[in-house]
Amino acid sequence: VEEVETIQAYAGTAAPFNFNGLVRHYFFRHSSELGDLQVNLSEKSLRSRASHEIALDLRQRLSAVPVPEGTNVKVVEVPPGPPVIATLMAEIYGPTPETRRKTASVVRGLFEDTDFIVDVDDSFGTPARRLTLAIDEPRAADYGVAQGDILDTLSLAFSGQVVGVSPRGEGRDPLNIRVRLPKSDRNWSQELAATPVPRRLDGVGAGPVELGALIDVSEQAGSPLIFRRDGHFADMVMAELAGRYEAPIYGMLEIQDRIAAYDWAGAGLQKPEIRMYGQPEDETHPTLLWDGEWEVTYVTFRDMGMAFGVAMFGIYILVVAQFGTFRVPLIILTPVPLTLIGIMIGHWLFGAPFTATSMIGFIALAGIIVRNSILLVDFVRRRQDATTPLRDVLLDAGAIRFKPILLTALAAMIGASVILTDPIFQGLAISLLFGLASSTALTVLVIPAIYVAIRGPDWLPPTTNPEELTTAPTLQEASV
């Protein structure tokens with residue numbers, strides 16, 4: 001890969017703290033079977049492909065590399081998105097550990113059968129084999145070896161022993177001097193089994209005995225990892241999305257269809273209940289809870305929706321106070337949902353997902369669109385008199401107010417265009433650009449249409465305020 005400059009390798013230890021280390025808990029990696037390869041790319045100006053495209057290419061190449069059974073290879077990007085362990089994550093709850101793990105294994109298989117779901121993993125994995133060293137007490141007693149001496153020998157072989165300290169001066173804590181075997185030799189072997197152990201119980205003249213003659217060595221199946229979330233036992237299936245779809249909602253819908261079509265009774269399991277948010281209260285049957293980026297998306301859009309409702313209510317109250325009527329503010333707020341037309345078209349053209357920043361842009365547009373509506377409605381109310389039909393008033397309003405409305409929209413669109421390529425705020429830029437474009441065009445059409453639909457094109461006000469007649473702007477005056 002020509003864009004790769006350097007590679008930093010970390011075997012059996014965690015890489016320096018970065019975004020993934022913080023949110024994906026990679027800083028916990030201290031086991032010998034874990035490792036990281038941090039790939040450093042050339043400067044963005046020196047390469048034609050984006051980092052995401054390079055990651056997709058690397059993932060495809062690595063999928064063809066033969067690896068030992070049980071190996072899990074992931075291509076993880078430093079994400080600009082929400083802080084989650086995995087983009088797509090299913091938490092499995094159930095009555096027993098066996099039920100949870102069997103259900104999670106089936107769900108993992110469904111993940112792996114979906115072409116756009118990649119880097120599939122789970123929280124329990126394949127338990128590593130465990131080496132058990134047990135003291136043969138009768139044999140140790142026959143040889144006259146104290147159990148404490150056997151334990152001390154094992155501790156010295158596998159952990160080492162502190163034999164002294166090295167002072168550093170200047171009030172700093174001293175360093176321990178530890179004697180121990182190299183890490184490559186800290187495993188059970190014939191050399192380690194031949195380690196002498198003193199026979200102090202048989203007197204001073206008794207010779208030592210080999211360590212292997214005093215202990216029984218066996219391999220056992222290791223215990224799977226146990227996870228709890230807020231006091232509830234859970235097993236997790238994690239994955240990323242790449243290819244046809246990269247938003248988690250598409251993966252969730254696909255997996256839910258596959259869960260519905262799977263023969264759970266034939267597998268001896270109960271079909272899990274699907275939950276979109278919140279841990280289950282009843283754990284007597286299996287439950288699949290969608291987590292990961294979906295939970296962040298759900299909470300964000302829920303809070304954003306509430307904020308949007310509060311903003312709309314506040315705008316309505318202000319407009320009611322301004323015009324002294326409850327119906328006119330409804331006309332003014334009508335064009336606000338029309339911004340979604342342009343927003344959806346913009347996201348479709350750019351192939352971008354509707355993100356939290358897109359929602360922020362939609363909320364911000366409400367204030368701009370209401371301002372444009374107020375310009376039109378305020379002009380219509382001031383322009384009306386006893387002799388001018390409503391149709392002519394609306395035409396004058398559109399002709400005179402269109403220029404300030406257009407300039408306002410263009411100023412905001414130019415400001416938003418500079419963040420159109422930003423990976424985080426692209427949704428905000430698309431919402432502002434295309435939402436303003438569509439709403440500006442529709443505002444000058446929809447509000448007059450509503451007036452005509454409610455009152456008719458030839459409607460005249462029943463009464464006219466003489467002072468308003470003398471101050472009402474005409475098309476010629478406003479043009480001047």
Side-chain angles (χ1 to χ4, degrees), residues 23-24 52 55-56 59 74 76-77 79-93 104 106-122 229 234 236-262 271-280 287-308 337 339-363 423-431 434-435:
V23 303
R24 294 176 181 259
H52 183 62
L56 295 178
R59 182 180 285 115
K74 297 181 183 180
V76 181
E77 303 175 63
V84 293
I85 296 178
T87 301
L88 186 66
M89 185 165 71
E91 295 181 358
I92 309 299
Y93 297 86
V106 173
V107 173
R108 173 170 180 161
L110 300 179
F111 275 38
E112 293 172 339
D113 292 339
T114 306
D115 59 343
F116 58 89
I117 297 180
V118 297
D119 295 349
V120 182
D121 196 6
D122 56 54
R229 180 187 175 189
M236 298 176 288
V237 181
M238 301 159 284
E240 303 295 327
L241 292 100
R244 291 187 292 139
Y245 306 107
E246 295 192 3
I249 186 65
Y250 300 109
M252 292 165 54
L253 295 175
E254 178 67 22
I255 295 302
Q256 288 178 191
D257 292 340
R258 290 177 179 266
I259 288 176
Y262 186 79
K271 178 182 175 182
E273 176 188 351
I274 306 295
R275 289 183 64 88
M276 306 302 288
Y277 182 75
Q279 292 177 301
T287 302
L288 186 153
L289 170 64
W290 289 115
D291 201 340
E293 189 172 322
W294 163 253
E295 183 181 17
V296 178
T297 303
Y298 174 85
V299 173
T300 301
F301 278 82
R302 180 197 63 190
D303 296 344
M304 288 288 184
M306 295 174 60
F308 180 73
T339 58
L340 284 173
I341 298 175
I343 292 174
M344 293 297 106
I345 293 176
H347 282 79
W348 174 71
L349 290 176
F350 279 83
F354 190 86
T355 62
T357 57
S358 304
M359 188 67 176
I360 294 174
F362 174 56
I363 297 175
I424 300 177
F425 296 103
Q426 185 186 46
L428 174 62
I430 292 175
S431 295
F434 290 89

For Phe354, what residues pass the ring-ring contact (aromatic ring centres under 6.0 Å, His included) criterion, not counting sequence neighbours?
-> Phe301, His347
Excluding sequence neighbours, so at least two apart, what forms ring-ring contact (aromatic ring centres under 6.0 Å, His included) with Phe362?
-> Phe308
By salt bridge (charged side-chain N to carboxylate O under 4.0 Å, His left out) - contacts of Asp303 (at least two apart) | none
What residues, two or more places apart in sequence or in another chain, satisfy salt bridge (charged side-chain N to carboxylate O under 4.0 Å, His left out) together with Glu112?
-> Arg108
Shortest non-hydrogen contact from [X] toward [Y]:
| X | Y | value |
| --- | --- | --- |
| Asp115 | Val118 | O-CG1, 4.4 Å |
| Ala104 | Val237 | O-CG2, 3.5 Å |
| Ser358 | Gly427 | OG-CA, 3.1 Å |
| Ala90 | Val107 | CB-CG1, 4.5 Å |
| Ile343 | Gly435 | CG1-CA, 4.0 Å |
| Glu293 | Pro248 | OE2-CD, 3.8 Å |

With sequence neighbours left out, what residues match Thr114 under side chain to side chain contact (heavy atoms under 4.5 Å, CB included)?
-> Phe116, Ile117, Glu254, Ile255, Arg258
Who pairs with Ile345 by side chain to side chain contact (heavy atoms under 4.5 Å, CB included), at least two apart in sequence or on another chain?
-> Ile341, Leu349
Please round to the nearest 0.5 Å and tell me the distance separating atom [atom1] of [X] and atom [atom2] of [Y].
| X | Y | atom1 | atom2 | answer |
| --- | --- | --- | --- | --- |
| Ile249 | Leu88 | CD1 | CG | 10.0 Å |
| Met344 | Ser431 | CE | OG | 7.0 Å |
| Leu241 | Tyr250 | CG | OH | 11.0 Å |
| Met236 | Leu289 | CE | CG | 11.5 Å |
| Met89 | Met252 | CE | CE | 12.0 Å |
| Glu240 | Thr87 | CD | OG1 | 3.5 Å |

Derivation of the side chain to side chain contact (heavy atoms under 4.5 Å, CB included) call for Ile85 and Met238 = CA-CA 8 Å; Ile85 296 178; Met238 301 159 284; 3.8 Å; yes
If you define the side chain from C-beta out and look only at heavy atoms, does anything of [X] sit under 4.5 Å from [Y]?
| X | Y | result |
| --- | --- | --- |
| Gln426 | Thr357 | no |
| Tyr277 | Val299 | yes |
| Tyr298 | Met276 | no |

For [X], check side chain to side chain donor-acceptor pair (under 3.5 Å) against everything at least two apart and list the hits.
| X | answer |
| --- | --- |
| Arg302 | none |
| Glu295 | Arg229 |
| Gln256 | Trp290 |
| Asp119 | Arg59 |

